[in-house]
Amino acid sequence: MDELTRYELVLFFHLLGALLFIAGIVLAGVAFEAARRRQRPAEIALLLGLTRVGVALVGIGALLVLGFGLWLVHLGGFGYGAGWIDAAIGLYLAALALAAVGGRRPKQARLLATRLAARDAPVSAELRALLNDPLSLAANYTSAAAVLAILVLMVFKP
């Protein structure tokens with residue numbers, strides 16, 4: 001396999017990873033925001049269950065993006081001293097850390113909503129507090145902003 005073909009193949013899988021990563025973020029975010037607006041625990045549990053699919057896509061995409069992205073740096077001869085690459089890696093790590101922090105309360109909310117739905121109970125103040133936790137919201141939205149910044153860096157390579 002010649003270098004150009006290898007580079008194109010690696011780029012394809014890097015971009016595929018980016019698409020899965022972004023699709024997972026969007027799916028998880030939309031399902032979570034829809035769950036926050038629901039009044040029945042069964043609906044909340046269902047929508048928060050859907051976020052798990054988004055999280056799985058994020059995980060697969062994150063692995064592909066990182067692995068093939070690092071390979072692209074090598075194949076493209078960019079070097080790790082390039083500021084845009086170092087910034088993208090730093091933002092990537094920050095985004096994943098923030099998403100991990102931001103995902104704790106929604107997971108707790110999903111479990112609580114499932115228990116409430118099984119008892120046919122109404123939405124509790126505890127569930128509503130978990131869904132509207134300001135730290136989780138800030139962490140998740142900041143994580144999404146970091147991913148957007150990575151996209152800008154990858155497109156424009158300043």
- Task: Starting at CD1 of Ile22, measure out to CG of Leu15 and round the result to the nearest 0.5 Å.
- Result: 11.5 Å
- Considering all heavy atoms of both residues, which atom of Leu130 and which atom of Arg105 are nearest to each other, and what is their separation? CD2-CD, 3.4 Å
- What distance separates Leu9 CG from Phe68 CZ, expressed to the nearest 0.5 Å? 7.0 Å
- Query: When rounded to the nearest 0.5 angstrom, what is the spacing between CD1 in Ile25 and OG1 in Thr51?
  - Reply: 13.5 Å
- Which atom names give the shortest non-hydrogen contact between Ala18 and Val65, and what distance separates them? N-CG2, 3.2 Å
- In terms of hydrophobic clusters joined by side-chain contacts under 4.5 Å, are Leu91 and Tyr141 together? no
- Query: Under 6.0 Å between ring centres, would you say that holds for Phe156 and Trp84?
  - Reply: no
- Task: State, to 0.1 Å, how close Val101 and Ser136 come at their nearest heavy-atom pair, and which atoms those are.
- Result: O-OG, 4.3 Å
- Enter the distance from Arg110:CZ to Leu46:CG here, rounded to the nearest 0.5 Å. 11.5 Å
- Cluster check Leu47, Val53: I/L/V/M/F/W/Y, side chain < 4.5 angstrom: no
- Message: Can you give me the closest heavy-atom contact between Val58 and Gly24, atom names plus distance?
- Response: CG2-C, 3.5 Å
- Counting N and O atoms only, with roles assigned by atom type, does the side chain of Arg36 sit under 3.5 Å from a partner on the main chain of Leu131, one being a donor and the other an acceptor? yes
- Message: In this structure, would Phe12 and Leu20 fall into the same cluster of hydrophobic residues linked by side-chain contacts under 4.5 Å?
- Response: yes
- Message: Counting C-beta onward and ignoring hydrogens, is there a side-chain heavy-atom pair between His14 and Leu64 closer than 4.5 Å?
- Response: no
- Message: Please determine whether residues Leu151 and Tyr92 belong to a single hydrophobic cluster, defined as Ile, Leu, Val, Met, Phe, Trp and Tyr linked transitively by side-chain heavy-atom distances below 4.5 Å.
- Response: yes
- Closest heavy-atom pair, Leu48 versus Phe32, reported as atoms and distance to 0.1 Å, is CD2-CD1, 3.7 Å
- Task: Return yes when atom CZ of Arg128 has more than 12 non-hydrogen atoms of other residues, nucleotides or ligands closer than 6.0 Å, and no otherwise.
- Result: yes
- Item | Qualifying residue for side chain to side chain contact (heavy atoms under 4.5 Å, CB included) with Leu127, from Leu116, Leu111, Asn132 | Leu116
- Do Ser143 side-chain atoms and Ala139 backbone N/O form a donor-acceptor pair below 3.5 Å? no
- Message: Heavy-atom count check: over 12 atoms from other residues, nucleotides or ligands less than 6.0 Å from Tyr80 OH?
- Response: yes
- Hey, does the side chain of Arg37 reach the backbone of Glu33 with a donor-acceptor pair shorter than 3.5 angstrom? yes
- Task: Group every Ile, Leu, Val, Met, Phe, Trp and Tyr by side-chain heavy-atom contacts under 4.5 Å, then state whether Val147 and Val55 land in the same group.
- Result: no
- Task: Enter the distance from Leu72:CG to Leu11:CG here, rounded to the nearest 0.5 Å.
- Result: 5.5 Å
- Message: Would you compute the distance between atom CG of Leu96 and atom CZ of Phe21 and round it to the nearest 0.5 angstrom?
- Response: 5.0 Å
- For Leu112 and Ser124, the nearest pair of non-hydrogen atoms, with its separation, is CD2-OG, 3.9 Å
